Amino acid sequence: MALPGIRNNAKCCGICRSFTPKGVKQLQPHPTSSTTDAPSNEAISRLLSGKLLLREEFPLDEKTFQRFLEQKLIAPTASILTKAFSHQCQRCGNKKKSLFALIPCEICLSTHLYCRKCIEMGRVMACQPLYYWTGEKPVWPAHADPCTWEGALTHLQQRAADRIAEAIAGQEKELLCWAVCGAGKTEMLFPGITKALKLGRRICIATPRADVVRELLPRIRRAYQDVEVEGLYGGSENKAGSAQLILATTHQLLRYQDAFDVMVIDEIDAFPYHADPSLPFAAERAKTSASTTIYLTATPRKNHRKRINRRNLPHIFVPVRFHGHPLPVPKLNISFSLKRDLKNAILPQAFQKWTEARETKKRQLLIFVPAVSMAENLQEPLTQFFLKERTISSPDQLTAVHAADPDREEKVQQFRDKQLHILITTTILERGVTFPSVDVAVLDAGHEVFDEAALVQIAGRAGRSPDDPTGEVVFFHEGKTDAMVQAKEAIRKMNHRGGI
């Protein structure tokens with residue numbers, strides 16, 4: 001569909017430049033249309049409404065952009081506010097002095113403040129405003145029967161799903177769904193998403209990790225085959241962000257305001273969401289005034305538990321996995337020379353003994369380590385060890401992956417497809433990914449990156465399939481930490497509350 005005034009090639013302005021998000025389809029004017037024609041297409045509203053963008057991120061030619069400004073269909077707002085001796089970035093909310101700096105500007109031939117906090121999303125400079133759509137808001141379709149998922153929910157899943165749908169239908173402000181790892185949180189969302197689509201509302205499912213978006217996207221598309229669904233994350237092919245149902249990393253919300261009637265925030269306790277104030281700031285701004293927020297987590301942080309205990313955060317609790325089997329309780333395995341061995345890329349004896357005695361060697365193996373350097377350094381000794389043990393028949397069946405790995409997506413998919421038998425990983429795979437039959441080992445589980453929530457989530461990678469509902473989980477350490485003990489106790493409590 002041709003949209004008048006939509007440009008094909010966005011040009012940047014030298015040192016002040018930002019960028020047009022990769023994958024945003026910049027449509028050219030219809031050959032029979034004049035670029036001076038007033039926009040009348042609903043698609044323009046869907047493309048631009050609910051966004052907060054730099055000029056270079058608007059997919060409009062300059063003539064159309066200026067006309068929209070004159071017609072007050074687009075309005076500018078200051079990108080950086082200055083009060084007395086303080087500043088605040090209006091895109092990410094940053095107020096830290098150390099995260100602002102000065103840079104010369106080729107446009108105004110002056111020196112301006114810019115925000116270093118959200119620089120990866122495109123440079124925000126004091127001389128360049130942010131822009132937002134002030135024209136008519138899009139009317140999202142009310143779908144009569146949008147859900148094409150044919151699965152069935154368990155009794156406990158249905159109870160939680162009904163509560164989520166009730167909160168959305170009644171436009172309740174917020175609801176936390178506290179469900180154990182493997183409880184089927186995604187499926188429990190379907191009745192609520194269906195209700196929202198029937199009511200003509202716009203939905204965003206936001207998560208801190210790009211891996212989770214990539215995993216959820218095909219599942220959501222299969223469940224809503226007649227609804228436009230977009231996935232937004234760094235490196236995603238399409239970044240138009242104009243769909244009624246959007247899956248996005250929480251970082252992508254920095255480009256939205258007043259956009260979503262239903263905001264689902266998955267894994268609210270996960271890094272970086274709980275540690276980066278700009279992400280809750282962006283999520284709050286991306287919601288409409290009458291929105292409903294659904295929080296999903298298996299390991300709520302202290303602030304949410306306090307709110308639950310004070311009864312000012314409504315919640316629903318699901319203590320049982322969808323297949324009814326208990327969560328695997330981790331074993332704590334001490335190795336007195338562990339840190340020294342790992343530093344020297346030597347496999348600890350305790351780890352070797354455990355792998356040799358594993359109950360089911362046909363299971364794939366996830367090995368978590370605390371640092372990228374350790375993942376890379378251990379790849380060769382682990383390959384040689386498992387070749388000798390005949391757990392793998394080729395070096396190609398084992399690899400390492402981490403957040404900065406350019407082949408990260410491909411490697412995770414290979415492990416999912418069982419082309420890889422053993423995967424060494426950092427905490428990027430601690431949550432949000434499902435592998436049906438794995439054992440899990442954590443090397444140096446006492447490291448500070450493995451807090452209670454991370455260890456509970458890591459343990460939750462095992463036993464996720466009804467065909468293999470068990471799985472070994474072992475924490476290798478030089479000495480117990482509070483996080484290890486608390487994670488083990490939390491899992492036992494969950495199993496007890498679930499009556500298993």
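Bear in mind the structure is a predicted one, so any value in this text is a computation, not a measurement.
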Do other residues, nucleotides or ligands put more than 12 heavy atoms under 6.0 Å from the [atom1] atom of [X]?
X    : atom1 : result
K287 : NZ    : yes
K95  : NZ    : no
E136 : CD    : no

Quiz item: Is a salt bridge present between K239 and E230, judged by a nitrogen-to-oxygen distance below 4.0 Å?
Solution: no

Self-check item: Flag, side chain of E478 to backbone of L338, donor-acceptor distance under 3.5 Å
Solution: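 Flag set: sc E478 to bb L338 pair under 3.5 Å.
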
Quiz item: Looking only at atom types and distance, does a side-chain atom of T250 sit under 3.5 Å from a main-chain N or O of Y273, one as donor and one as acceptor?
Solution: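 Looks like no, no N/O pair under 3.5 Å.
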
Do the rings of [X] and [Y] sit parallel, tilted or perpendicular, given the 30° and 60° boundaries?
X    : Y    : result
H274 : F271 : perpendicular
F190 : Y224 : perpendicular
Y131 : F58  : perpendicular

Practice problem: Decide yes or no on side chain to side chain donor-acceptor pair (under 3.5 Å) for Q225 and R222, but give the supporting numbers first. | Solution: CA-CA 5 Å; Q225 294 175 19; R222 284 195 297 269; over 6 Å; no

Exercise. Among R209, R461, E267, find the residue that satisfies the side chain to side chain contact (heavy atoms under 4.5 Å, CB included) test when tested with E430.
Key: R209

Quiz item: Does a donor on one side chain sit under 3.5 Å from an acceptor on the other, for T297 and D269?
Solution: yes

Quiz item: Within 45° of the six-membered ring axis of Y256 and under 6.0 Å from that ring's centre, is NZ or CZ of R285 located there?
Solution: no

Self-check item: side chain to side chain donor-acceptor pair (under 3.5 Å) between E62 and Q66, worked out
Solution: CA-CA 6 Å; E62 188 60 25; Q66 291 301 325; 2.6 Å; yes

Quiz item: What about Y114 and F100, are their ring centers closer than 6.0 Å?
Solution: no

Practice problem: State, to 0.1 Å, how close K51 and Y132 come at their nearest heavy-atom pair, and which atoms those are. | Solution: O-CB, 3.4 Å

